[in-house]
Amino acid sequence: MDCSGNLHESSCNAYELLVHALSLIPVRHYLIGFLVVSLVFLYNFLEFHFFENLRTGLRGFPVALTYNSCSDIYNGVVSKCRILHGRYLPTPWLSSPHIQTAFLNFFGRPPAFSYRRELFHASDGGTIALDWLTSSDVSGAFQMSNGISKDDTTPIMVVIPGLTSDSASAYLKHLAFNTAKSGWNVVIINHRGLGGVSITSDCFYNAGWTEDTRVIINHLHDEYPKAPLFVVGTSIGANILVKYLGEDGDDLPVAAAVAVCSPWDLLIGDRFISRRLLQKFYDRALTIGLQGYAQLHEPRYSRLANWEGIKKSRSIRDFDHHATCLVGKFETVDTYYRRCSSTSYVGNVSVPLLCISALDDPVCTREAIPWDECRANKNIVLATVKHGGHLAFFEGITAAGLWWVRAVGEFCRVMHSSQYMHVQKKVQNSCAQSTLASIDQGPFVNVAEDGMVAAIGNEQMRVGKAEESSESQKSNHGIDEIVSVVEQDEQMSQPKLDFLADTPSATSRPVTSIQDAKPLDVLAPVKRCLDLLSSQNRCSIWLLAYIAIVTSWPLLGSAFNIVFRKKLRAALLRR
């Protein structure tokens, strides 16, 4: 008992000594220690890379380029871009992707200028605001007209903003000002309901809505046919851009394109943004922006979507569940993300495309970047930097400029001076499609809904012309009537067969007797029809021959069977 009591007494004395020793340490030392621990925690939590920059001698990190080894876009354009082959050093006091992204949204230091607005009215009644900034607007040159000449050859940069962003966003102002200062014209396509324009139809934009982009680009191409169009998409706008390029392939009037900080796969992005505490902060911030967008258009959202669910949304996924899926007619949120992701369209891109992403992007994760798909497509070059945040990429001591804005400008200028700009090509139909089209449009043959082939030729016109025939032709029924119908068919087919206009007609003289009607004349229209079909598409004549054999074989087979059976019986009886 004495030993245990002594042990307990000695342990108490040890704690007392420890507390006494700690009390002797000055309070300022505790404060310094707490400050050091807090800084280390924040350095890791906010993913600072200042000391990593110091290890490189403040020279920055090289830009990693992913491309196909046979890519003409890389060999002829990107290889000449000094910025993409240089190094990127973030602003030292913004050496964190989160600090950069926050600084861009709250400050951004955009240049001061004013846009010229054009309102575009879509066919469904929707209104889209197009904000223009021309080269003359920033150069100070005097210009009489407020528009661009139809014959102007100055390149036009078309910009698709990100989620809930419009032309007033700081990064878009940086892009527009620098592009216009270099001598180009810029137009920003504000999403429906943004840019101070009301929703005038029941159609809202979403992460995969490409129809507005398609219509606007076609409109710009029609208005300024001599001006090459360069399209730049940012964030969700980049996803829309890549999806649009993949959907239309060669059949689009875009000279080249750039996708900056694309989310690529929305399903992976949804999982990423709800994974960590810091990403949840971005999720919540973007949700508040979407709720503010919905608040502007409450009358339509309350009628088309679940307004109470929108107000209670705590994440982008919640908002998409209560709003986007209901308005866009998607079954589930995952269905919406899968259908609207641009990753599956990368392989179909036929336009020169530069993709820029930061590996530390806190919103669009590197996990979604389609590395292999970009490497397989000869039209795509993927440029990734180690640091940069989301659409930030600040550079310089004063953080006055964005690195990706300079990179985009240089790429577009080099592309414009090269021979690799894309030229719109109309998509040709396949052999089967052209075969059906030639049959449908033929003057004598048509494919019915049940697959049967029937003769056509504007029967009402035939009857009308038959009633105008002479009395001498009416008196002859039988062959005379057949020949007159064939003659009228030939006359009706002559306007369609222009290349046969100089050929003498076999039925040019009136038919007055059965002897005048030759079997060759009866088959002439059919032969001309077959010649026309074979000249338009060789597949058509073979398809018709196949249909003729298949449909007539039962009758011909029975006839051959009867004839040969009779001959066989006669031969046996003779023996």
**Q.** Basic-acidic side-chain contact under 4.0 Å: Arg338, Glu331
**A.** no
Q.
Using modelled atom types and a 3.5 Å cut-off, is there a donor and acceptor pairing between side-chain atoms of Tyr301 and backbone atoms of Tyr293?
A. no
Q: Please identify each residue that fulfils ring pair (Phe, Tyr, Trp, His ring centres under 6.0 Å) with Tyr345, with sequence neighbours left out.
A: none
Q | Geometric class of the His297/Phe204 ring pair [parallel <30°, tilted 30-60°, perpendicular >60°] | A | perpendicular
Q.
Given 3.5 Å as the limit, does a donor-acceptor pair link the side chain of Thr101 with the main chain of Gly389, or not?
A. no
Q.
Classify the ring geometry of Trp403 against Phe393: parallel below 30°, tilted from 30° to 60°, perpendicular beyond 60°.
A. parallel
Q) Is there a donor-acceptor pair under 3.5 Å between the side chain of Asp250 and the backbone N or O of Lys425? A) no
**Q.** Side-chain H-bond candidate by donor/acceptor type, Asn53 with Thr56, under 3.5 Å
**A.** no
**Q.** For Phe230, ring pair (Phe, Tyr, Trp, His ring centres under 6.0 Å) partners two or more places apart
**A.** Trp184
Q) If you measure from the Lys or Arg side-chain nitrogens to the Asp or Glu carboxylate oxygens, is any gap between Asp72 and Lys378 under 4.0 Å? A) no
Q. Is the backbone N or O of Thr335 less than 3.5 Å from a side-chain atom of Thr332, with the two atoms forming a donor-acceptor pair by type?
A. yes
Q. Quick one: does Asp152's side chain have a donor or acceptor within less than 3.5 Å of a partner on Lys226's backbone?
A. no
**Q.** Over all atoms of both residues, closest heavy-atom pair of Val78 and His85
**A.** O-CE1, 2.9 Å
Q | side-chain hydrogen bond (donor to acceptor under 3.5 Å, both in side chains) assessment of Arg192 paired with Ser201 | A | CA-CA 9 Å; Arg192 296 190 183 211; Ser201 69; 3.2 Å; yes
**Q.** Arg375: salt bridge (charged side-chain N to carboxylate O under 4.0 Å, His left out) partners, not counting sequence neighbours
**A.** Asp372
(Q) Between Tyr244 and Thr213 (side chain of the first, backbone of the second, donor and acceptor by atom type, cut-off under 3.5 Å), is there such a pair? (A) no
Q) Just checking, any donor-acceptor pair under 3.5 angstrom between side chains of Asn239 and Ser342? A) yes
**Q.** Trace of the side-chain contact (heavy atoms from CB on, under 4.5 Å) decision for Ile128 with His219
**A.** CA-CA 12 Å; Ile128 304 170; His219 162 72; over 6 Å; no
Q: Step by step, work out the side-chain contact (heavy atoms from CB on, under 4.5 Å) result for Arg284 and Thr287.
A: CA-CA 5 Å; Arg284 181 61 184 146; Thr287 304; 4.0 Å; yes
Q: Would you mind checking if Lys150 and Asp222 are paired as a salt bridge, meaning a charged N to carboxylate O distance below 4.0 Å?
A: no
Q: Evaluate whether atom CZ of Arg87 has more than 12 neighbouring non-hydrogen atoms of other residues, nucleotides or ligands under 6.0 angstrom away.
A: yes
Q: Assess whether side-chain contact (heavy atoms from CB on, under 4.5 Å) is satisfied between Phe120 and Leu220, documenting all intermediate values.
A: CA-CA 11 Å; Phe120 179 85; Leu220 294 173; over 6 Å; no
Q.
I'd like to know if the side chain of Arg406 and the backbone of Ile83 have a donor-acceptor N/O pair within less than 3.5 Å.
A. no
(Q) Looking at Pro362, is its backbone amide N or carbonyl O close enough to the side chain of Gln279 to form a donor-acceptor pair, meaning the two atoms are under 3.5 Å apart? (A) yes
Q: Using a strict 4.0 Å threshold on nitrogen-to-oxygen distance, state whether Glu410 and Arg413 make a salt bridge.
A: no
Q) Would Tyr88 and His387 count as a close aromatic pair, with their ring centres under 6.0 Å? A) no
Q. Is it the case that more than 12 heavy atoms not belonging to Phe113 sit under 6.0 Å from its CZ atom?
A. yes
Q: Inspect the surroundings of CD1 in Ile397 and state if more than 12 heavy atoms from other residues, nucleotides or ligands are less than 6.0 Å away.
A: no
Q: State plainly whether the residues Arg271 and Asp334 are in salt-bridge range, i.e. N to O under 4.0 Å.
A: yes
Q.
Around atom CZ of Phe45, are there more than 12 heavy atoms from other residues, nucleotides or ligands closer than 6.0 Å?
A. yes
Q. Between Glu247 and Lys243, is there a salt bridge with N-O shorter than 4.0 Å?
A. yes
Q | Closest approach of Val349 to Gly246 (non-hydrogen atoms, all atoms of both residues) | A | CG2-N, 4.1 Å
Q) Considering residues at least two apart in sequence or located in another chain, which fulfil the ring pair (Phe, Tyr, Trp, His ring centres under 6.0 Å) criterion with Trp132? A) Tyr224
Q: Would you please say whether a donor-acceptor pair under 3.5 Å links the side chains of Ser165 and Tyr171?
A: yes
Q) For Thr164, what residues pass the side-chain contact (heavy atoms from CB on, under 4.5 Å) criterion, not counting sequence neighbours? A) Tyr205, Leu290
**Q.** Nearest non-hydrogen partners of Leu94 and Ala399, listed with the distance
**A.** CD1-CB, 4.0 Å
Q) Any donor-acceptor pair under 3.5 Å linking the side chain of Ser149 with the backbone of Asp151? A) yes
(Q) Just by distance, no angles: are the side chains of Thr134 and Ser136 close enough, under 3.5 Å, to form a donor-acceptor pair? (A) yes
Q.
Does Ile273 form a side-chain contact (heavy atoms from CB on, under 4.5 Å) with Leu286? I'd like the steps, not just the answer.
A. CA-CA 11 Å; Ile273 205 169; Leu286 291 172; 4.1 Å; yes
Q: Please work out which of the three classes, parallel, tilted or perpendicular, describes the rings of Phe48 and Tyr43, given edges at 30° and 60°.
A: parallel
(Q) According to salt bridge (charged side-chain N to carboxylate O under 4.0 Å, His left out), who are the partners of Glu47, at least two apart in sequence or on a separate chain? (A) Arg276
Q.
Counting only heavy atoms from other residues, nucleotides and ligands, does the tally under 6.0 Å from NE2 of His98 exceed 12?
A. yes
Q | Met415 CE to Met421 CE distance, which is reported to the nearest 0.5 Å | A | 8.5 Å
Q: Give a yes or no on whether a salt bridge exists between Glu52 and Lys386, defined as a side-chain N under 4.0 angstrom from a carboxylate O.
A: yes
Q) Heavy-atom distance under 4.5 Å between the side chains of Thr66 and Trp371, does that happen here? A) yes
Q. Between Ser350 and His422, is any side-chain donor less than 3.5 angstrom from a side-chain acceptor?
A. no
Q) Is a side-chain donor or acceptor of Asn218 paired with a backbone partner of Arg214 at a separation under 3.5 angstrom? A) yes
